[in-house]
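Here is the naming used below: chain letters follow the sequence lines, and residue numbers restart at 1 for every chain.
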Amino acid sequence: MADIAVQLPDGSSRSVAPGTTVAGLAADIGAGLAKAAISAVVDGGERDLNHQLVDGDQVEIVTADSEAGLHVLRHSTAHVLAQAVLELWPGATFAIGPPIENGFYYDFSLPDGQTFNDDDLERIEAKMRDIVDADQPFVRSEVPASEALQLMADHPYKRDIIERVSSGAADSELSTEVSGEVISFYRNTESFVDMCVGPHVPSTGRLGHFKLMSVAGAYWRGDEKQPMLQRIYGTAWATSKQLKQHLQRLQEAAKRDHRKLANELDLLSFPSELGGGLAIWHPKGAIARKLMEDDSRRRHEDGGYSFAYTPHLANGNLFETSGHLDFYADGMYPPMEMDNGTYYPKPMNCPMHVLVYRSQQRSYRELPLRLFELGTVYRYERAGTLHGLMRIRGFTQDDAHIFVDQEGLADELADLLNFVLDVLRSYGFDDFTAKLSTRPAEKSVGSDEIWKLATDCLVAALETAELPYEVDEGGGAFYGPKIDVDVRDAIGRSWQLSTIQADFALPERFDLEYVASDGSRKRPVMLHRALMGSLERFFGVLIEHYAGNFPLWLAPVQVEILPVAEEHASYGSEIFDRLKAAGFRCELAEPSDPLGKRIRRAKTQKIPYVLVVGSDDASAKTVGVNPRGGEVERDVPVDDFLARLEREMGDRAVSSSSSPTG
RNA sequence: GCCUCCUUAGCUCAGUCGGUAGAGCGCUUCCAUGGUAAGGAAGAGGUCAACAGUUCAAUUCUGUUAGGAGGCUCCA
């Protein structure tokens with residue numbers, strides 16, 4: 001029989017004997033590849049290593065160092081998890097177990113309402129190691145749906161999947177489980193078989209660099225009304241080194257956790273007496289916050305914004321008109337009955353800014369009218385969703401509402417996006433991605449023309465700013481399109497911070513107008529935008545981004561001055577006075593504790609500069625400089641050190657000196 | 001709201017197979033005067049998250065509540 005030819009990804013063709021499997025092809029190409037091979041993509045479809053090739057196949061061999069290969073490893077590890085659980089808990093049933101970022105999970109339901117606890121994870125993991133050591137093959141078979149239902153007779157969730165798939169109702173969530181007319185299964189032993197599209201590693205011996213991480217509840221099909229299953233999360237990698245690195249990354253992230261650092265650096269706290277999701281800012285956190293607020297106000301002043309102040313409570317009528325009581329009541333704090341009205345803590349600032357706009361007749365000459373406020377709002381977030389500063393019930397937005405005519409929309413949005421990026425850059429973020437959310441299919445307010453105009457302007461702004469973006473087609477709110485800006489932090493995590501949202505609904509609801517140049521009454525477009533989002537959350541992100549090492553301008557204490565001994569105390573306070581007069585935040589540590597102890601204390605507080613001053617310094621008017629993360633420098637003239645501080649402040653130094661008027 | 005886990009001194013954590021508790025840091029006082037990451041000693045500090053139940057006895061076991069962590073769901 002003649003050889004068959006298969007195409008490789010580099011465009012070359014290779015002849016192999018008929019009946020050759022993917023594994024055989026890999027071995028034919030090289031021993032290294034044979035060893036690294038996990039699965040293959042044949043003519044666009046994922047296949048196992050023992051899949052037989054036919055003439056003309058386009059073959060790409062997948063190895064564990066690729067994302068696809070890791071996916072297969074993780075998926076196979078999930079099967080091993082399921083096998084272990086089903087062996088350890090007779091009568092247990094299983095649902096789905098897909099690979100996810102960094103690992104996998106599997107959902108189970110245990111008999112008699114049993115649940116997993118943390119100790120169970122160790123038992124399960126030990127059982128999984130046994131299965132890996134046994135090097136069981138993953139044997140594929142394909143059967144029609146009717147037979148599949150019999151095979152999974154004891155597993156109602158699997159049967160549910162089969163029924164949904166065979167009726168064509170399956171969604172993408174199940175794409176790793178089943179697809180198509182026939183249902184495929186992978187059998188590892190006489191007793192363990194799992195329904196699965198595959199592909200899988202050839203045998204469990206290929207696995208092993210995994211760790212079970214946690215147990216959690218998860219609703220069947222992600223639906224609150226469905227039964228809650230027991231989900232086990234694990235992480236899995238191609239090598240033990242990768243696994244170790246992943247666990248180290250988790251540790252690094254844990255070290256930066258803003259809740260931990262906020263406590264260690266005495267920035268703020270969440271006393272239980274206050275209630276969940278509410279923070280108090282301690283003096284050191286409050287200084288940083290004030291600096292952020294001052295910086296924000298200065299930038300808005302320079303950027304042509306007018307300021308507004310609005311109260312924390314409003315009569316319910318306002319939120320009736322704005323529509324928040326219709327659409328957002330679940331997110332609002334409960335009402336207070338008083339006088340002859342019902343009052344609510346405000347969940348948004350926008351209705352109040354609308355009232356500012358409407359307080360007088362507006363002319364086109366006033367547009368764009370930009371109203372800015374550090375506005376504190378209260379939202380009822382469900383108890384289980386609260387998370388430090390990241391998800392909180394009372395918070396302050398750097399909120400602005402811009403009222404603009406259609407002619408001015410394009411310029412305003414372009415300027416606005418630059419303004420956003422400038423602010424983010426000033427906090428050391430430089431890796432941005434954006435998401436454009438467009439008109440939803442179901443229902444929306446506003447004409448086709450206005451939607452098109454606003455969306456086009458947003459696209460133009462993104463392109464002018466050369467910001468990479470993806471489009472969430474139909475993902476916008478019913479009242480207008482928006483741009484979300486994500487930033488990547490110092491350890492590569494992505495945070496959604498800024499939002500620019502067009503709103504065609506509120507101007508309508510509040511009947512907003514301006515007088516156009518031809519004397520006619522027109523309706524403005526309203527833009528909502530927040531740069532930092534909430535100050536609280538932004539500060540949380542900053543703490544993690546900087547790992548608590550705030551840049552000089554933002555550090556609660558910028559310089560710690562340590563006189564070596566009692567006799568240097570007066571020189572120490574001389575330095576303190578000079579730095580303070582120059583506008584820097586300093587602390588002078590009395591020499592009652594040993595020098596080493598005082599240095600350690602300042603270092604653990606992550607203070608940017610520790611100055612040690614002794615006899616040499618007093619006579620020569622110098623300081624010893626111990627910079628955060630740098631080498632000790634001796635005999636630095638005080639003037640030089642001051643100049644260095646001022647340089648490092650950059651354009652933030654402006655806030656401490658009075659700007660000329662006139 | 002749901003699932004799992006957690007709550008012991010100001011902080012970080014031990015511990016008690018049921019007989020009301022310890023360490024380090026921090027704080028106070030005394031000694032030590034030290035040139036770049038923890039000097040020494042003494043002292044104060046706890047209704048073992050709260051409430052209820054079982055028990056001769058509960059910080060420990062059980063239940064409820066509150067708060068926290070990780071998930072799920074939610075985030076107009």
[X] near the nucleic acid: base, sugar-phosphate alone, or nothing, with a heavy-atom cut-off under 4.0 Å?
{"X": "A:Ile599", "value": "base"}
{"X": "A:Ala216", "value": "base"}
{"X": "A:Asp326", "value": "nothing"}
{"X": "A:Met390", "value": "nothing"}
{"X": "A:Asp330", "value": "nothing"}
{"X": "A:Arg259", "value": "sugar-phosphate"}
{"X": "A:Lys597", "value": "sugar-phosphate"}
{"X": "A:Arg379", "value": "nothing"}
{"X": "A:Tyr219", "value": "base"}
{"X": "A:Arg231", "value": "sugar-phosphate"}
{"X": "A:Gln230", "value": "sugar-phosphate"}
{"X": "A:Tyr233", "value": "sugar-phosphate"}
{"X": "A:Gly596", "value": "sugar-phosphate"}

Could you give the distance separating [M] and [N] at their [atom1] atoms, to the nearest angstrom?
{"N": "B:rA9", "M": "B:rC3", "atom1": "C1'", "answer": "33 Å"}
{"N": "B:rC2", "M": "B:rG18", "atom1": "P", "answer": "31 Å"}
{"N": "B:rC48", "M": "B:rA58", "atom1": "C1'", "answer": "11 Å"}
{"N": "B:rU59", "M": "B:rG53", "atom1": "P", "answer": "13 Å"}
{"N": "B:rG46", "M": "B:rA37", "atom1": "C1'", "answer": "32 Å"}
{"N": "B:rA38", "M": "B:rU73", "atom1": "C1'", "answer": "47 Å"}
{"N": "B:rA76", "M": "B:rG71", "atom1": "C1'", "answer": "25 Å"}
{"N": "B:rC6", "M": "B:rU65", "atom1": "C1'", "answer": "16 Å"}

Lys/Arg-Asp/Glu bridge criterion (N-O < 4.0 Å) met for A:Glu252, A:Arg256: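 Yes, A:Glu252 and A:Arg256 are salt-bridged.
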Any Lys/Arg nitrogen of A:Glu125 or A:Lys211 sitting under 4.0 Å from an Asp/Glu carboxylate oxygen of the other?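 Salt bridge flag = no for A:Lys211 with A:Glu125.
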Between A:Phe116 and A:Trp89, what is the ring plane arrangement, given parallel below 30°, perpendicular above 60°, and tilted in between?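 The arrangement is perpendicular - the two ring planes meet at more than 60°.
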Suppose we call two aromatic rings close when their centres sit under 6.0 Å apart. Are [X] and [Y] close by that rule?
{"X": "A:Phe550", "Y": "A:Phe539", "value": "yes"}
{"X": "A:Phe641", "Y": "A:Tyr609", "value": "yes"}
{"X": "A:Phe210", "Y": "A:Phe104", "value": "no"}

Is there a donor in the side chain of A:Trp220 and an acceptor in the side chain of A:Asp107, or the other way round, less than 3.5 Å apart?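 No, because no side-chain N or O of A:Trp220 sits under 3.5 Å from a partner of the opposite role on A:Asp107.
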Among A:Tyr105, A:Phe108, A:Tyr106, exactly one meets side chain to side chain contact (heavy atoms under 4.5 Å, CB included) together with A:Ile232. Which residue is that?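 Output: one option passes, namely A:Phe108.
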Considering heavy-atom distances to RNA chain B, does A:Gly388 or A:Met228 have its closest nucleotide positioned more toward the 5' end?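 This one resolves to A:Met228.
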Counterpart residues, ring pair (Phe, Tyr, Trp, His ring centres under 6.0 Å), relative to A:Phe504 (two or more places apart):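 Partners of A:Phe504 by the ring pair (Phe, Tyr, Trp, His ring centres under 6.0 Å) criterion, ordered by chain and then number, come out as A:Trp451.
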Could you list where the contact with chain A starts and ends along RNA chain B, reading 5' to 3', using a 4.0 Å heavy-atom cut-off?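 Listing 5' to 3', RNA chain B meets chain A from B:rG1 to B:rA76.
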CD1 on A:Ile96 to CZ on A:Arg221, rounded to 0.5 Å: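 Reported to 0.5 Å precision, the distance equals 10.5 Å.
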A:Arg509: salt bridge (charged side-chain N to carboxylate O under 4.0 Å, His left out) partners, not counting sequence neighbours: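 Residues passing salt bridge (charged side-chain N to carboxylate O under 4.0 Å, His left out) with A:Arg509: none at all.
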Quick one: salt bridge (charged side-chain N to carboxylate O under 4.0 Å, His left out) partners of A:Arg628, sequence neighbours excluded?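 None.
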Any residue in residues 436-443 of chain A with a heavy atom nearer than 4.0 angstrom to RNA chain B? Just list them by number, or reply none.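 Output list: empty, so none.
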Does a side-chain heavy-atom distance below 4.5 Å link A:Ser322 with A:Leu506?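 Yes - at least one pair of side-chain heavy atoms lies under 4.5 Å apart.
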Check RNA chain B for consecutive Watson-Crick or G-U pairs with both distances under 3.5 Å and list the runs of at least three as stems.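 Stems found: B:1-7 with B:66-72, B:10-13 with B:22-25, B:27-31 with B:39-43, B:49-53 with B:61-65.
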